[in-house]
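Side chains included, hydrogens not; waters and symmetry mates left out as well; all remaining heavy atoms used.
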Amino acid sequence: QTQLVESGGGSVQAGGSLGLSCAASRYISGRYCMAWFRETPGKEREFVAAIHSEGDGRQKFKDSVKGRFAISLDKAKSTVYLKMNSLKPEDTAMYYCAADTETSVCGRLARDYDFWGQGTQVTVSS
């Protein structure tokens with residue numbers, strides 16, 4: 001069973017930056033996808049960004065974070081990073097890391113992913 005451990009997050013004022021990281025408990029080989037989702041009380045968990053392990057590291061982003069968030073993958077460490085810039089109050093949420101192994105496509109739905117981290121809070125104040 002692969003465990004994902006997130007770190008980072010915290011509180012920041014609007015316009016600021018934060019970074020999240022998520023490390024897998026074991027080396028993940030082959031074709032896989034790692035992603036970030038976020039969740040606020042009363043709402044469904046929503047896709048934020050994903051990156052694939054192959055080739056040029058195909059990436060996907062939620063429209064509202066394009067140009068502000070960057071995702072990267074250190075395959076040697078099976079660790080994914082999310083750098084969040086120009087943060088807005090609406091980015092406030094619990095952020096979750098996820099992994100989908102043995103896949104050629106990164107999905108945007110929570111059910112596409114097999115493993116999840118415990119979550120880390122990001123709070124952006126206005």
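Within 6.0 Å of the CZ atom in R111, the count of heavy atoms belonging to other residues, nucleotides or ligands does not exceed 12. Within 6.0 Å of the CD atom in E90, the count of heavy atoms belonging to other residues, nucleotides or ligands exceeds 12.
The two atoms that bring R38 and A93 nearest to each other are CB-CB, 3.7 Å, heavy atoms only. Nearest heavy-atom pair, V105 versus K60, reported as atom, atom and distance to 0.1 Å: CG1-NZ, 3.8 Å. Considering all non-hydrogen atoms of both residues, Y27 and K75 come closest at CE1-O, 3.3 Å. The minimum heavy-atom distance between C22 and L4, with the atom names listed, is SG-CB, 3.7 Å. The two residues D91 and V65 come nearest to each other via the heavy atoms OD1-CG1, 4.5 Å. Closest heavy-atom contact between L87 and L18: CD1-N, 3.8 Å.
Contact check for K88 versus R68: side-chain heavy atoms found under the 4.5 Å cut-off. Side chains of E44 and E39 form no contact here, defined as non-hydrogen atoms less than 4.5 Å apart. Residues T79 and L73 fail the side-chain proximity criterion, which asks for heavy atoms closer than 4.5 Å. Taking the side chain as every heavy atom from C-beta outward, N85 and F69 never approach each other to under 4.5 Å. In this structure the side chain of T103 never reaches within 4.5 angstrom of the side chain of T101, judged on heavy atoms. Inter-residue side-chain proximity for C97 and M34 is flagged as met; some heavy-atom pair is nearer than 4.5 Å. Between M84 and S17 there is no side-chain heavy-atom pair separated by less than 4.5 Å.
With Q121 contributing its side chain and G9 its backbone, the two residues share no donor-acceptor pair below 3.5 Å. With T123 contributing its side chain and T92 its backbone, the two residues share no donor-acceptor pair below 3.5 Å. Listed for the Q3 side chain is no donor-acceptor partner under 3.5 Å among the backbone atoms of S25.
A donor atom on one side chain and an acceptor atom on the other are not found under 3.5 Å apart for R31 and S53.
Rounding to the nearest 0.5 Å gives a distance of 11.0 Å between CD of E6 and CG of L82. One finds the CG atom of D100 at 6.5 Å from the CG atom of D112 (value rounded to the nearest 0.5 Å). Note that CD1 of I28 is 11.0 Å distant from CD of E102, once rounded to the nearest 0.5 Å.
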Going through the distances and angles, do W36 and L20 end up as a side chain to side chain contact (heavy atoms under 4.5 Å, CB included)?
-> CA-CA 9 Å; W36 292 94; L20 306 179; 3.6 Å; yes
When you look at S21 and S7, which way does the side-chain hydrogen bond (donor to acceptor under 3.5 Å, both in side chains) test go after all the steps?
-> CA-CA 5 Å; S21 63; S7 59; 2.6 Å; yes
Trace of the salt bridge (Lys or Arg N to Asp or Glu O under 4.0 Å) decision for D63 with K66 = CA-CA 5 Å; D63 285 347; K66 284 181 182 177; 3.2 Å; yes
Please assess E54 against R58 for the test salt bridge (Lys or Arg N to Asp or Glu O under 4.0 Å), listing each intermediate value before the final yes or no.
-> CA-CA 7 Å; E54 279 193 326; R58 288 160 279 166; 3.4 Å; yes
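Within the structure, the disulfide bond (SG atoms under 2.5 Å apart) test picks out the following pairs touching residues 24-75 (sequence neighbours left out): C33-C106. Under the disulfide bond (SG atoms under 2.5 Å apart) criterion, no residue pair touches residues 41-72, with sequence neighbours excluded.
Put simply, Y81 and I71 are part of two different groups of oily side chains (I, L, V, M, F, W, Y) that touch within less than 4.5 Å, one to the next.
The hydrophobic cluster containing Y113, built from Ile/Leu/Val/Met/Phe/Trp/Tyr side-chain heavy atoms closer than 4.5 Å, also comprises F37, F47, M94, Y96, W116.
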